[in-house]
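Comments concern the structure below.
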Amino acid sequence: MATSTAPTDPITGLFRNVRDHVPADLWDKQIGLLMRDYPYDSVMAARVLGQGYAYLLTAMAHRDEHLGLGPSSLVDIGVHTIILDTVAYAALCRVHNGGQFLHHVPAVEFKQDGTVLRTAQLIAAEGWEVDLPLWADAANCSPCHPGNDSH
């Protein structure tokens with residue numbers, strides 16, 4: 001009998017894997033970019049990037065719901081790494097966002113309204129593993145424009 005080595009949640013079962021949605025060469029490139037631009041080793045870079053993808057894929061899955069989702073500051077680093085490669089990001093949007101580009105509309109002020117924790121809860125509800133230490137600054141973050149279909 002084969003046993004799974006994938007992480008599991010006692011309620012939802014196996015977690016969804018962001019790596020199933022990202023070509024290996026793109027993942028490796030983005031890990032390299034994070035390691036180049038931040039004091040991250042490959043493990044930390046993978047954590048940040050994985051949460052960035054889980055956030056974006058969740059936002060795309062809930063397009064047109066105007067939930068005002070927002071990442072923590074560490075997860076936002078992963079998000080920016082993903083969206084700054086616009087060709088790859090446009091392809092991600094084509095596949096996961098009904099062909100529509102999911103815009104990034106940052107606000108100047110931090111909201112401090114619980115958005116980040118609600119976002120992490122929604123990500124978990126979507127079946128993605130939430131790396132809670134990366135969401136720890138939730139009270140001081142989520143500067144993305146609320147109430148629209150952007151991130």
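Keep in mind the model is a prediction, meaning the values are calculated, not measured.
Following chains of ILVMFWY side-chain contacts shorter than 4.5 Å, one can reach Leu132 starting from Met44, so the two form part of one hydrophobic cluster. Hydrophobic clustering of Ile, Leu, Val, Met, Phe, Trp and Tyr side chains at less than 4.5 Å, counting indirect connections, keeps Leu33 apart from Val18. Taking hydrophobic clusters as Ile, Leu, Val, Met, Phe, Trp and Tyr residues chained together by side-chain heavy-atom distances below 4.5 Å, Leu67 shares a cluster with Tyr55. No single ILVMFWY cluster, assembled from side-chain heavy atoms under 4.5 Å apart, contains both Val95 and Leu56.
Asp85 is linked by a salt bridge (charged side-chain N to carboxylate O under 4.0 Å, His left out) to Lys29, counting only residues two or more places apart in sequence or in another chain. Scored by the side-chain hydrogen bond (donor to acceptor under 3.5 Å, both in side chains) test, Trp128 finds Thr58 as partners (sequence neighbours excluded). Residues passing the side-chain contact (heavy atoms from CB on, under 4.5 Å) test with Pro39: none are found, sequence neighbours excluded. In this view, Arg94 satisfies the salt bridge (charged side-chain N to carboxylate O under 4.0 Å, His left out) rule with no residue, not counting sequence neighbours. Taking the side-chain hydrogen bond (donor to acceptor under 3.5 Å, both in side chains) definition, one finds that Arg16 meets it with nothing, sequence neighbours left out.
Under the 4.5 Å side-chain criterion, counting only non-hydrogen atoms from C-beta, Val79 is not in contact with Tyr53. Counting only heavy atoms from C-beta outward, the side chains of His80 and His104 approach each other to under 4.5 Å. Looking at Gln100 and Met60, their side chains never come closer than 4.5 Å, going by heavy atoms from C-beta outward. By the 4.5 Å heavy-atom criterion applied to side chains, Trp135 and Leu74 are not counted as neighbours. Considering only heavy atoms from C-beta on, Leu57 stays 4.5 Å or farther from Ile123 through its side chain. Side chains of Asp28 and Asp25 form no contact here, defined as non-hydrogen atoms less than 4.5 Å apart.
Closest approach of Thr86 to Ile83, counting heavy atoms only: CG2-O, 3.6 Å. Of all heavy-atom pairs between Ile82 and Leu49, the closest is CG1-CD1, 3.7 Å. Closest approach of Gln51 to Val130, counting heavy atoms only: OE1-CA, 3.6 Å. For Asp76 against Pro71, the heavy-atom pair with the smallest separation is OD1-CG, 3.5 Å.
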Residue pair Leu102, Arg63: steps toward the side-chain contact (heavy atoms from CB on, under 4.5 Å) verdict: CA-CA 8 Å; Leu102 181 65; Arg63 68 178 178 272; 5.7 Å; no

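Rounding to the nearest 0.5 Å places CG of Leu69 at 7.5 Å from NE2 of His62. Rounding to the nearest 0.5 angstrom, the gap separating the CG atom in Leu122 from the CG atom in Leu117 is 12.5 Å.
Test Leu34, Val48, Ile31 against Thr81 for side chain to side chain contact (heavy atoms under 4.5 Å, CB included) and you get one pass: Leu34.
For residues 33-44, no pair satisfies side chain to side chain donor-acceptor pair (under 3.5 Å), with sequence neighbours left out.
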